[in-house]
Amino acid sequence: MFSRKVKWIKIASSKKELENLVPLNEIRILNREGNAICIGRNSKGFYAMKDKCPHQGYSFKGGACTESDKMVCPVHRYGFDVNTGRGGGDAAIVYNIDYRQDGVFVGLSYFSIF
């Protein structure tokens, strides 16, 4: 009855633009189409999560993206795995990133009855 769908939201015109927006080992919060998206960057690439720490709901703004593949909440310093979202006893919502010819997109999953 329910099916899982993905809504792709453009977050940058190019990978170069995203590099300019998000410095190495830092996090930036991008608000696109009513969604607060946490983008982190380390030497391996870019990562995306919902901008809501699952521990107590704080924003990741001011946190870090570490070389050990963690997005770190600035409030309690819990680290969440950029690939699985796991950490701190909870799990953050992780989004996929797709690099296309017409820009960089983040995929937000949702359930639909259609």
Side-chain angles (χ1 to χ4, degrees):
M1 177 175 229
F2 292 98
S3 64
R4 187 177 180 156
K5 297 191 177 196
V6 177
K7 178 180 180 182
W8 291 97
I9 296 175
K10 188 173 185 174
I11 60 168
S13 297
S14 66
K15 187 174 181 180
K16 184 68 175 170
E17 179 185 348
L18 197 56
E19 289 170 352
N20 291 332
L21 286 171
V22 185
L24 192 61
N25 298 116
E26 292 190 22
I27 288 173
R28 291 294 183 266
I29 309 307
L30 304 178
N31 291 295
R32 302 290 190 272
E33 297 182 27
N35 298 283
I37 303 166
C38 175
I39 305 293
R41 177 182 175 202
N42 66 18
S43 64
K44 298 171 202 161
F46 291 95
Y47 304 94
M49 290 184 177
K50 182 175 184 172
D51 182 35
K52 185 175 183 182
C53 176
H55 174 236
Q56 288 189 344
Y58 291 100
S59 171
F60 281 102
K61 184 178 181 179
C65 184
T66 70
E67 289 301 325
S68 59
D69 294 343
K70 304 279 189 215
M71 293 266 212
V72 180
C73 173
V75 179
H76 296 105
R77 298 288 180 219
Y78 289 152
F80 297 89
D81 186 280
V82 296
N83 299 298
T84 65
R86 291 190 179 108
D90 296 304
I93 297 172
V94 175
Y95 300 137
N96 290 322
I97 297 178
D98 190 18
Y99 301 94
R100 302 179 189 173
Q101 192 171 2
D102 60 335
V104 182
F105 293 78
V106 169
L108 281 61
S109 293
Y110 67 96
F111 289 99
S112 173
I113 59 172
F114 302 106

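Fair warning: this is a prediction, and the values are worked out from it, not measured in the lab.
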Non-hydrogen side-chain atoms of [X] and [Y] separated by less than 4.5 Å:
X     : Y     : value
Met71 : Ile27 : yes
Ile39 : Ile11 : yes
Ile9  : Asn35 : yes
Arg77 : Val72 : yes
Asn42 : Thr66 : no

* Structure fact -> Scanning both residues in full, the closest heavy-atom pair of Phe60 with Pro54 reads CZ-CD, 4.5 Å

* Asked: Of all heavy-atom pairs between His76 and Tyr58, which one has the smallest distance, and what is that distance?
  -> CE1-CE1, 3.9 Å

* Asked: Which is it for Lys70 and Phe80 under the side chain to side chain contact (heavy atoms under 4.5 Å, CB included) test, yes or no, and what are the steps along the way?
  -> CA-CA 5 Å; Lys70 304 279 189 215; Phe80 297 89; over 6 Å; no

Take atom [atom1] of [X] as the centre, draw a 6.0 Å sphere, and report whether it contains more than 12 heavy atoms from other residues, nucleotides or ligands.
X      : atom1 : value
Arg100 : CZ    : yes
Lys44  : NZ    : yes
Arg32  : CZ    : yes

Nearest 0.5 angstrom please: [X] [atom1] to [Y] [atom2], how far?
X      : Y      : atom1 : atom2 : value
Asp102 : Ser14  : CG    : OG    : 11.5 Å
Ile97  : Ile37  : CD1   : CD1   : 9.5 Å
Lys5   : Ser109 : NZ    : OG    : 12.5 Å
Cys53  : Asp90  : SG    : CG    : 7.5 Å
Glu67  : Ser43  : CD    : OG    : 3.5 Å

* If Ile, Leu, Val, Met, Phe, Trp and Tyr residues are connected whenever their side-chain heavy atoms lie under 4.5 Å apart, and connections chain through other members, are Tyr95 and Val104 in the same group? -> yes

* Asked: So if you build clusters from Ile, Leu, Val, Met, Phe, Trp, Tyr with side-chain heavy-atom gaps below 4.5 Å, do Tyr78 and Val75 land together?
  -> no

* Does Lys15 reach the main-chain N or O of Gly103 with its side chain, forming a donor-acceptor pair under 3.5 Å? -> no

* Asked: Passes side chain to side chain contact (heavy atoms under 4.5 Å, CB included), Cys65 versus Asn25? Steps please.
  -> CA-CA 5 Å; Cys65 184; Asn25 298 116; 5.6 Å; no

* Decide whether a cation-pi geometry holds between Arg41 and Tyr47; the criteria are a distance under 6.0 Å from NZ or CZ to the six-membered ring centre and an angle within 45° of the ring axis. => no

* When the ring planes of Phe46 and Tyr99 are compared, do they come out parallel, tilted or perpendicular, using 30° and 60° as the limits? -> tilted

* Can we say Glu26 and Arg28 salt-bridge, meaning some charged N sits less than 4.0 Å from an Asp/Glu carboxylate O? -> yes

* Do Asp51 and Lys61 meet the salt-bridge criterion of a basic N to acidic O distance under 4.0 Å? -> no

* Let me see the working for Glu33 and Lys7 under salt bridge (Lys or Arg N to Asp or Glu O under 4.0 Å), right down to the final yes or no. => CA-CA 11 Å; Glu33 297 182 27; Lys7 178 180 180 182; 3.2 Å; yes

